[in-house]
There are 4 protein chains.
Amino acid sequence: MTAQARRAQIVAATIDVIAEIGYGQTSFARIAEHAKLSSTRLISYHFAGKDELITAVAEDAITSIGDHLARQLAAETTASGMLRAYIEGMVQFTATHRSRMKALLEIFLNGGLHYDATTDQSVVGHVETILRQGQAGGEFREFDARVMATAVQRAVEGLPFLLESTPDLDCAAYGRELVTLFELGTRRSSE
Amino acid sequence: MTAQARRAQIVAATIDVIAEIGYGQTSFARIAEHAKLSSTRLISYHFAGKDELITAVAEDAITSIGDHLARQLAAETTASGMLRAYIEGMVQFTATHRSRMKALLEIFLNGGLHYDATTDQSVVGHVETILRQGQAGGEFREFDARVMATAVQRAVEGLPFLLESTPDLDCAAYGRELVTLFELGTRRSSE
Amino acid sequence: MTAQARRAQIVAATIDVIAEIGYGQTSFARIAEHAKLSSTRLISYHFAGKDELITAVAEDAITSIGDHLARQLAAETTASGMLRAYIEGMVQFTATHRSRMKALLEIFLNGGLHYDATTDQSVVGHVETILRQGQAGGEFREFDARVMATAVQRAVEGLPFLLESTPDLDCAAYGRELVTLFELGTRRSSE
Amino acid sequence: MTAQARRAQIVAATIDVIAEIGYGQTSFARIAEHAKLSSTRLISYHFAGKDELITAVAEDAITSIGDHLARQLAAETTASGMLRAYIEGMVQFTATHRSRMKALLEIFLNGGLHYDATTDQSVVGHVETILRQGQAGGEFREFDARVMATAVQRAVEGLPFLLESTPDLDCAAYGRELVTLFELGTRRSSE
DNA sequence: TATGAATGAGCTTTCATTCAT
DNA sequence: AATGAATGAAAGCTCATTCAT
């Protein structure tokens with residue numbers, strides 16, 4: 001087995017474990033058990049430490065989301081279109097990659113990631129940029145872009161938690177509701 | 001020292017510790033250190049276990065928030081007024097009780113609380129009830145009350161995290177932005 | 001069992017283990033086994049960490065040696081008398097407290113102790129002070145006190161290692177030989 | 001790369017690492033890092049085990065010292081001359097090969113070497129032989145040759161440790177002081 | 001000659017909890 | 001109401017070594 005494949009296997013198992021039992025309960029032992037590894041030593045061998053493993057998990061998720069969003073946003077030309085695409089893209093991704101998204105949120109909420117400027121921008125700053133563009137172009141009304149971005153981000157992040165208590169939730173409907181909410185909340189009142 | 005006073009002291013220390021270093025890093029040892037107790041034994045003595053302590057902390061916060069909101073909402077007669085009062089009440093409470101709110105969120109997000117119907121209703125269901133009343137009374141447009149309630153709740157919960165990276169944030173402005181957002185997002189379009 | 005007694009028991013066991021198998025091979029598990037403790041957890045309970053345990057061991061030895069030397073040197077008035085008393089005192093102590101001295105040397109040689117000024121003075125500086133007094137008072141010839149002190153100290157420290165390969169060594173004779181060596185090496189040539 | 005060259009490279013790296021961080025902290029991982037090897041596997045490949053590596057390091061140092069001393073002692077005909085040449089030779093070697101000597105001492109003091117008669121003779125017995133020759137030939141007074149040899153050996157070994165706390169030490173002066181000490185301590189009193 | 005992958009045993013430290021006053 | 005002493009389990013990490021190319 002190649003190191004790359006083994007690392008991928010361990011990352012996948014870690015995602016599952018974090019999503020299932022939470023960041024705080026996740027340990028090498030639990031990951032090894034889930035991945036059916038002979039011992040936790042195999043994890044230590046392929047990752048320099050817990051930090052590196054967690055970082056790898058986060059990067060895996062962030063990259064996937066980034067790719068997905070890039071595709072979703074490619075065709076959009078208006079800010080409101082981009083905002084809609086962002087929300088629906090995130091909701092879609094969450095619906096089809098529940099564990100990955102849940103694990104990413106767990107990591108962020110528990111401070112398991114050492115931020116850098118790139119990470120911060122790719123995760124949090126995306127929406128804010130769209131909002132500012134919309135205001136500059138006259139599509140959106142005046143509001144505090146930071147606050148609105150937070151609201152969008154939190155609303156989207158609410159889905160993984162909702163899915164835990166309601167696994168059969170209609171995600172598409174959830175997305176549509178959010179899109180409507182933020183369209184009404186951001187558009188120029190004269191429209 | 002009375003048992004009641006000692007319990008209150010320990011709960012207060014636990015709130016501080018959770019707010020400062022997060023739920024995951026919080027331990028009896030660190031709470032004892034913060035409260036300047038001679039040993040963790042004093043915590044075990046006054047609380048049956050970690051669960052009971054965490055529950056006490058959560059209940060402390062929930063009760064405080066409940067009292068605060070009850071006062072804020074008392075004078076309101078319309079659903080939109082109640083929604084505004086709820087958002088501004090929560091933001092105000094967060095601004096003046098940062099640690100308490102942060103600790104409560106940490107506990108919820110890390111699954112430290114064993115839900116029961118009462119807890120769930122008092123925390124999450126409040127907004128949903130208001131929204132349904134508004135729809136029943138014709139004040140609000142049609143939307144999924146559950147989804148909207150989630151969005152409101154998450155938006156409000158965003159403040160404690162924002163305060164960590166931006167301690168000098170203008171909380172009142174944050175509240176006003178959210179009120180505007182949800183007024184635009186919930187009102188009947190004919191208005 | 002009182003904490004004090006337990007700490008003393010653990011310190012004694014640690015001294016034995018270090019003396020027997022060396023600093024590098026010494027572990028909590030080995031100490032617990034030697035002291036017949038139920039688990040290593042008992043060591044962690046009474047000492048904040050390995051550093052604290054090692055420091056306690058070193059302090060135990062240093063204090064014992066200090067007391068012994070103080071008694072030996074009390075009656076001496078001349079520098080040559082003090083030097084003789086120092087050498088014989090150290091040799092005597094080593095002969096009757098082999099493990100303690102061996103353990104102390106192991107700790108020093110492996111950098112297990114975080115020096116401070118007091119430690120340094122009490123361990124290394126003692127001889128140098130005596131030598132300088134002897135030179136100032138005209139008893140001793142001119143020489144580099146630092147170098148001579150090192151030679152004395154190393155010669156004395158040689159005994160524990162010699163005792164390992166030759167347990168039946170005549171320590172008193174060893175001491176007498178060293179006294180003669182350093183008397184000849186330090187006295188004024190005109191004598 | 002030839003096996004011989006690779007072994008030499010690893011031995012050199014091991015010497016550096018032991019001298020820098022001590023025998024106790026030295027591991028294959030750290031040696032590999034220092035030598036910029038891709039993995040510790042390369043060490044295991046060229047040496048049957050840790051023992052063989054350490055033995056190789058010690059032999060490297062012992063051989064170097066032996067060569068150096070042989071040259072220094074070649075011209076000497078008297079025992080006192082040989083003793084002086086030995087001390088100065090060892091001090092010189094230490095001054096110019098600090099790491100090698102430090103590593104050798106670390107290995108000896110931590111029992112990393114499995115003695116055999118040859119090793120013992122070549123390292124410790126050298127001085128004792130000189131001293132006995134001097135006594136047999138009437139140059140030296142009566143003393144216990146074993147004890148005196150120990151004192152000489154330990155005094156010489158003190159230099160590497162002294163150099164750690166005082167890197168700019170005047171080694172030549174250190175050697176002269178020791179030579180004087182042991183000349184005074186060994187010569188016939190009638191002289 | 002070299003390497004990638006894997007491994008079992010060991011390490012110190014921290015966890016909440018319990019027994020006995 | 002409080003405390004001192006003790007505890008089993010689990011954590012992440014490092015050790016030298018080995019199997020199979």
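The shown structure was predicted, so the numbers you read here are calculated from the model rather than taken from an experiment. Side chains are part of it too, since the values below use all heavy atoms of this structure and drop only hydrogens, waters and symmetry mates. Here is how names work: the chains are called A, B, and so on, in the same order as the sequence lines, proteins then strands, and each is numbered from 1.
- The partner of F:dC13 is E:dG10, judged by Watson-Crick or G-U wobble contacts that both fall below 3.5 Å.
- Comparing A:Ala3 and B:Gln25 along DNA chain E, the residue whose closest nucleotide (by nearest heavy atom) sits nearer the 5' end is A:Ala3.
- With rounding to the nearest 0.5 Å, the separation of CG in D:Asn110 from OH in C:Tyr23 is 10.5 Å.
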**Complete:** Reading nucleotides 16-21 of chain F from 5' to 3' and marking B where a protein heavy atom lies under 4.0 Å of the base, S where only the sugar-phosphate is that close, and - otherwise, the string is BBBBB-
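- Within residues 4-13 of chain A, no residue has a heavy atom under 4.0 Å from DNA chain F.
- Atom CD1 of residue B:Ile54 and atom CZ of residue B:Phe47 lie 9.5 Å apart, to the nearest 0.5 angstrom.
- Regarding contacts with the backbone of E:dG4, every side-chain N or O of A:His46 stays at 4.0 angstrom or more from both OP1 and OP2.
- Expressed to the nearest 0.5 Å, how far CD of D:Glu33 lies from OG1 of D:Thr40 amounts to 12.0 Å.
- Regarding C:Glu52, its CD atom lies at a distance of 15 Å from the P atom of E:dT12, rounded to whole Å.
- Across all strands shown, F:dT3 forms a Watson-Crick or G-U wobble pair, both distances under 3.5 Å, with E:dA20.
- We find that CD1 of D:Ile31 is positioned 14 Å from C1' of F:dT14, with the value rounded to whole Å.
- When side chains are defined from C-beta on, B:Leu37 does not count as touching B:Phe28, because their heavy atoms never get closer than 4.5 Å.
- Contact between the side-chain N/O atoms of D:Ser38 and the OP1/OP2 oxygens of E:dT3 is found at a separation under 4.0 Å.
- Between the P atom of F:dA1 and the CD1 atom of B:Ile43 lies a distance of 17 Å, rounded to the nearest Å.
- Separation of atoms CD1 (D:Ile62) and CG (D:Leu104) is listed at 5.5 Å; rounding is to 0.5 Å.
- Inter-residue side-chain proximity for D:Ile43 and D:Thr14 is flagged as unmet; no heavy-atom pair is nearer than 4.5 Å.
- Annotation: side chain of B:Thr26 is not in contact with side chain of B:Arg30 (no heavy-atom distance under 4.5 Å).
- In this structure the side chain of D:Ser64 reaches within 4.5 angstrom of the side chain of D:Arg100, judged on heavy atoms.
- Residues C:Gln9 and C:Arg6 bring a donor and an acceptor atom of their side chains to less than 3.5 Å of each other.
- Straight-line distance from the CZ atom of D:Arg30 to the P atom of F:dC13: 15 Å, rounded to whole Å.
- Checking each of C:Glu164, C:Glu20, C:Glu157 against C:Lys102 for a salt bridge (charged side-chain N to carboxylate O under 4.0 Å, His left out) leaves exactly one that passes, namely C:Glu164.
- Contacts between residues 14-23 of chain C and DNA chain E, defined by a heavy-atom separation under 4.0 Å, are absent.
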**Asked** After noting the C-alpha distance and the side-chain angles of B:Met101 and B:Ile65, does the key distance pass the side-chain contact (heavy atoms from CB on, under 4.5 Å) rule?
**Response** CA-CA 9 Å; B:Met101 186 60 99; B:Ile65 295 171; 3.8 Å; yes
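- Straight-line distance from the CG atom of C:Leu42 to the P atom of F:dT7: 6 Å, rounded to whole Å.
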